[in-house]
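This report concerns only the one structure given below.
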Amino acid sequence: MKLKHGKKRRLKPAGIVLIVVLVLLLVAGAVFGAMTLLKRDTVPAGPVDTESSVSSEESSEPIPEPTSARLIGFGDDLIHVSIFRQAKARATDGGYDFSYAYEPVKNLVNLADIASINQETMMAKDREPSGYPLFNSPQELAYCLADMGFDLVNLANNHSLDQRASGLQSTLELWNSIDSVETTGAYLNEEDYSRIRSIEKNGITFGFIGMTELTNGLSLPKDTELILLQPQAEEKVKARIEEAREKFDVVVVNVHWGVEYTFKPTDFQRSFAQKLADWGADIILGHHPHVIQPVEWVERTDGSGKALVVYSLGNFISTQEMGPTMIGGALDVTVEKEYENNTISIKEARFIPLVTHYGYGKSDVRVYPLDEYTDELAAKHGIHQHISRFDIDYINETVSSVIDESFLTPYQ
Ligand SMILES: [Zn+2]
């Protein structure tokens with residue numbers, strides 16, 4: 001095609017400058033766009049397994065719709081004497097029936113595709129149940145939690161060795177016999193440890209790691225094969241998280257840490273959360289302080305995304321005697337897998353406050369979602385024997401002084 005006048009148009013210097021500026025703007029736009037994509041939303045939780053993902057270039061199959069899975073993490077299941085005595089009294093078969101204690105939160109547990117809990121007390125077979133300081137809970141408790149719908153049980157905490165190595169072994173054997181539940185944090189031997197526990201829901205794989213900072217001065221004997229993972233073994237933890245990051249879409253870490261009865265995380269909790277995030281943790285479920293601590297996003301140092309951490313979920317159930325120990329929480333996280341761009345991201349995250357209720361003399365211990373707790377019940381709470389004020393306003397004030405408002409949206 002000929003130019004109209006058979007003559008090339010020459011650009012004036014001003015035109016060249018304009019084109020250079022336009023090209024620079026286009027390049028800048030492309031770079032900015034790519035960064036936004038990498039960091040979009042709440043971000044890629046772990047790396048995506050490209051081998052199992054669907055690529056539009058390799059296949060003419062339509063790209064699947066995004067899928068999601070909901071993980072809800074709960075705090076310390078701390079079975080004090082009155083709780084197992086009441087379970088004993090309620091059982092009709094001479095054993096223990098714990099269902100009354102958890103009944104009001106059963107629906108919440110069932111909303112989760114994966115429900116996780118820190119089982120603070122061990123369940124050694126053929127030993128009498130006991131309370132603080134060396135706990136042992138009846139084995140019926142494990143079946144009750146499994147029946148309620150718990151999928152993942154963390155066994156690494158400062159009471160893991162209350163019944164010594166044999167008690168931990170017996171507890172692991174009990175949980176291993178329950179097919180619907182996976183455990184984390186404690187292992188029978190190296191072979192058992194080599195299998196990072198995972199659960200797949202709606203095409204999304206979650207890998208679980210658990211560990212405890214404290215063991216109440218107890219330690220495993222030198223000749224045992226049992227393994228209890230601790231943050232102090234930093235290289236071991238790092239290698240495990242990196243392995244989980246390679247193998248699974250989402251890496252969930254249960255970590256038992258911090259200082260009891262404090263609302264603020266320690267320097268160690270903060271620095272270790274940063275390390276866990278940098279190594280590849282996506283969701284960090286903290287527990288042990290018996291009271292709640294903040295939920296925060298932790299930016300990975302290399303800028304590749306963020307991890308979500310709750311420093312402490314507080315008590316799930318207990319008969320402790322301070323107001324704040326009656327207030328716990330559940331971290332409710334919805335993860336989405338988007339196949340077109342092969343990304344995993346956290347779409348929603350909220351903190352659901354829970355309240356442990358007991359009557360006079362620690363009777364009728366029961367845990368409620370705060371939404372279902374009432375001033376009427378609070379007025380009858382046995383905690384009034386220890387503190388003067390315990391009502392819905394007090395609970396809300398405590399929760400909102402610790403948990404950022406952005407994580408306190410109602411659940412459904
Ligand atoms: Zn603890």
Side-chain angles (χ1 to χ4, degrees), residues 73-84 101 116-124 129-137 141-142 145 150 152-165 167-168 171-172 175 183-186 208-220 226-233 237 252-266 268-270 272-273 276 284-294 309-331 354 356 365 367 402:
F74 295 81
D76 299 346
D77 197 39
L78 192 51
I79 306 303
H80 287 108
V81 172
S82 357
I83 301 175
F84 68 71
S116 158
I117 190 168
N118 172 49
Q119 182 51 47
E120 188 92 22
T121 58
M122 299 297 107
M123 304 170 196
S130 56
Y132 181 84
L134 294 172
F135 289 96
N136 189 45
S137 300
L141 176 64
L145 295 172
F150 281 102
L152 190 280
V153 175
N154 175 63
L155 293 175
N157 61 63
N158 56 312
H159 292 288
S160 301
L161 302 176
D162 280 6
Q163 296 298 315
R164 306 295 164 138
L168 177 58
T171 304
L172 278 163
W175 285 111
T183 57
T184 189
F208 295 94
I209 294 168
M211 68 196 78
T212 181
E213 183 190 358
L214 309 139
T215 54
N216 287 2
L218 302 167
S219 53
L220 284 167
L226 293 170
I227 293 170
L228 185 64
L229 190 59
Q230 296 202 256
Q232 291 86 333
V237 172
V252 182
V253 179
N254 268 275
V255 51
H256 206 68
W257 57 4
V259 175
E260 293 179 334
Y261 316 115
T262 57
F263 294 107
K264 283 200 177 129
T266 59
F268 169 73
Q269 282 172 281
R270 287 195 179 279
F272 199 65
L276 292 171
I284 301 167
L285 303 172
H287 24 76
H288 173 62
H290 301 302
V291 300
I292 56 172
Q293 292 186 346
V309 55
V310 54
Y311 287 101
S312 173
L313 289 163
N315 288 334
F316 180 49
I317 201 166
S318 81
T319 60
Q320 290 194 302
E321 297 172 354
M322 288 186 269
T325 63
M326 298 292 102
I327 304 166
L331 189 69
L354 305 174
T356 297
V365 189
V367 55
V402 177

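Heavy atoms only: backbone and side chains are in, while hydrogens, waters and symmetry mates are out. Values in this document were obtained by computation on a predicted structure and should not be read as measured data. Numbers here simply count residues along the sequence, with the first being 1. Start at 1 and go down the list; that is how both ligands and their atoms are numbered.
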Problem set entry | Modelled atom types, side-chain donor and acceptor of N154 and H256, under 3.5 Å | no
For this session: State which residue, out of V253, L285, T183, V252, fulfils the side-chain contact (heavy atoms from CB on, under 4.5 Å) condition with F208.
Result: V252
Exercise. Once the angle between the rings of H288 and H290 is folded into 0 to 90°, is it parallel (under 30°), tilted (30 to 60°) or perpendicular (over 60°)?
Worked result: tilted
Seminar exercise, completed: Heavy-atom closest pair (T171 atom, A124 atom, distance to 0.1 Å) is OG1-N, 3.8 Å
For this session: Specify the closest pair of heavy atoms between T325 and E321, including all atoms of both residues, with the distance to one decimal.
Result: OG1-N, 4.0 Å
Exercise. For the residue pair Y311 and R270, what are the closest heavy atoms and their distance?
Worked result: OH-NH1, 3.7 Å
Exercise. Around the Zn ion (ligand 1), how many protein N/O/S atoms fall inside 2.8 Å?
Worked result: 4
